[in-house]
Amino acid sequence: RGRPAAVNPICLSGESMSSRLAGRTVPAGARGSVDSLVLPCAILLALATFTLDLRFSVETLTGAGYVLAMLISLWSARVRHAVITAALAVTLILLAPFFSSAGPERARALLEHLPLALMVVGIAAFGLANLRRAIRESLALARAERESDAVRAALVRAQEAEDRLERASRSSLAGHWELDYDKRTRWHSASFRALLGHEEKAVTDAVEEATAQTHPDHRQRSYEAFAHYQSTGAPYDVTVPLKTADGSHRWYRMRGGAE
């Protein structure tokens with residue numbers, strides 16, 4: 001990759017986190033206060049369901065109560081809440097037959113409650129799997145946003161550096177360009193093009209354009225100067241006529257180096 005430069009007139013130097021609830025943004029502090037109530041509510045509902053199961057043994061009502069308790073615990077998006085509620089619910093479901101039945105009826109009641117316990121375990125497992133996936137996706141999104149912010153900041157700094165370079169170039173009647181022999185491209189600054197009479201705009205084109213822009217009678221001297229730089233390390237410094245916007249040629253001093 002080469003960095004020559006043409007000087008005089010062209011010189012080439014070579015979480016405050018927030019959550020979304022019901023379509024509205026909720027501050028983290030407010031969401032934290034609500035989350036702190038989720039586990040107590042789920043536990044109270046599970047205990048109330050257990051009490052109803054002991055008194056009335058209504059399977060539909062009992063199942064709905066434990067399922068609702070699990071859904072409440074999953075709402076907070078905290079693994080600990082779901083695990084505690086599921087463990088409590090399963091324990092209460094399996095204990096209920098021992099308190100409400102006796103003798104042969106106890107075994108039958110236990111078998112009747114077993115599907116409900118399995119359903120609660122299934123809801124907990126499904127909810128936790130989705131919760132963990134959501135957490136992973138949230139972390140990946142947060143990393144992507146941080147990386148995106150870093151890229152935007154780097155682009156802003158690069159643009160500011162380029163703007164400073166352009167201002168310095170205008171004040172010193174210098175233009176900057178760069179030849180990339182690997183990609184076969186040439187970049188030249190807005191001030192470089194302005195000194196040649198073109199629109200003041202940075203442009204990237206083919207590296208062959210650098211040769212085409214040099215007067216045919218002086219291209220060999222430019223090649224020799226660059227070959228001398230490569231073999232000896234002496235500064236690349238040559239004055240050649242370059243083609244301007246109106247088709248005429250003007251003399252420019254080219255200086256730079258390669259990396």
Side-chain angles (χ1 to χ4, degrees), residues 15-154:
E15 107 188 289
S16 172
M17 298 177 59
S18 60
S19 308
R20 292 202 170 271
L21 179 62
R24 299 172 59 186
T25 300
V26 181
R31 179 63 187 264
S33 300
V34 174
D35 284 352
S36 65
L37 299 176
V38 169
L39 184 59
C41 288
I43 291 175
L44 287 175
L45 181 57
L47 293 174
T49 303
F50 176 70
T51 303
L52 291 174
D53 189 19
L54 295 180
R55 291 175 63 87
F56 303 106
S57 298
V58 181
E59 294 181 4
T60 303
L61 183 61
T62 302
Y66 286 121
V67 169
L68 183 58
M70 281 305 308
L71 294 178
I72 291 174
S73 69
L74 290 169
W75 183 85
S76 68
R78 294 187 181 182
V79 175
R80 179 171 60 88
H81 290 178
V83 170
I84 293 174
T85 303
L88 176 63
V90 171
T91 301
L92 294 177
I93 291 170
L94 297 179
L95 282 177
F98 292 94
F99 288 95
S100 61
S101 305
E105 293 295 323
R106 180 176 297 168
R108 185 180 62 82
L110 186 61
L111 289 176
E112 291 175 351
H113 281 71
L114 188 58
L116 178 58
L118 294 176
M119 182 177 66
V120 170
V121 172
I123 293 173
F126 180 77
L128 288 173
N130 282 278
L131 179 58
R132 287 188 177 127
R133 183 176 61 188
I135 291 173
R136 286 195 300 268
E137 291 174 353
S138 298
L139 293 175
L141 180 60
R143 284 195 298 270
E145 289 178 348
R146 288 195 297 270
E147 291 171 358
S148 178
D149 290 342
V151 169
R152 282 195 293 267

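Keep in mind that the numbers below use all heavy atoms, side chains included, and drop hydrogens, waters and symmetry copies.
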Of all heavy-atom pairs between Gly63 and Leu116, which one has the smallest distance, and what is that distance? CA-CD1, 3.5 Å
Sub-3.5 Å donor-acceptor pair from the side chain of Thr85 to the main-chain atoms of Ala82, do we have one? no
CZ of Arg133 to CG of Asn130: how many Å apart, nearest 0.5 Å? 4.5 Å
Mind listing the closest non-hydrogen atom pair of Leu94 and Ala117 along with its distance? CD2-CB, 4.2 Å
Closest non-hydrogen contact found for Val67 with Met119 is CG2-CE, 3.5 Å
Do Val79 and Leu131 touch side chain to side chain, with heavy atoms closer than 4.5 Å? yes
I need the minimum non-hydrogen distance between Arg106 and Pro97, along with the two atoms involved. CG-O, 3.8 Å
Test of understanding: with side-chain hydrogen bond (donor to acceptor under 3.5 Å, both in side chains), list the residues that count as partners of Arg132, not counting sequence neighbours. none
Atom CE of Met70 and atom CG of Leu88: how far apart are they, to the nearest 0.5 Å? 10.5 Å
Rounding to 0.5 Å, atoms CZ (Arg78) and CD1 (Ile135) come to a distance of 11.0 Å
Provide the closest heavy-atom pair for Ser36 versus Pro40 in the form atom of the first, atom of the second, distance. O-CD, 3.3 Å
What's the separation between atom CG in Leu95 and atom CZ in Phe50, rounded to the nearest 0.5 Å? 6.0 Å
Could you tell me whether the side chain of Arg80 reaches within less than 4.5 Å of the side chain of Leu39, counting heavy atoms only? yes
How far apart are the closest heavy atoms of Ala69 and Ala46, and which atoms are they? CB-N, 4.3 Å
Report yes if some heavy atom in the side chain of Arg55 is under 4.5 Å from a heavy atom in the side chain of Leu52; otherwise report no. no
Could you give the distance from CG (Leu68) to OG1 (Thr49), rounded to the nearest 0.5 Å? 7.5 Å
Taking the side chain as everything from C-beta on, heavy atoms only, tell me whether Ile72 gets closer than 4.5 Å to His81. no
Find the distance between CG (Leu128) and CD1 (Ile123) and round it off to the nearest 0.5 Å. 11.5 Å
Sequence neighbours excluded and cut-off under 3.5 Å, please list the side-chain donor-acceptor pairs for residues 139-149, or say none.
unit_1, atom_1, unit_2, atom_2, d
Ser148, OG, Arg152, NH1, 2.7
Asp149, OD1, Arg152, NH2, 2.2

Report yes if the side chains of Tyr66 and Leu92 come closer than 4.5 Å at any heavy-atom pair, otherwise no. yes
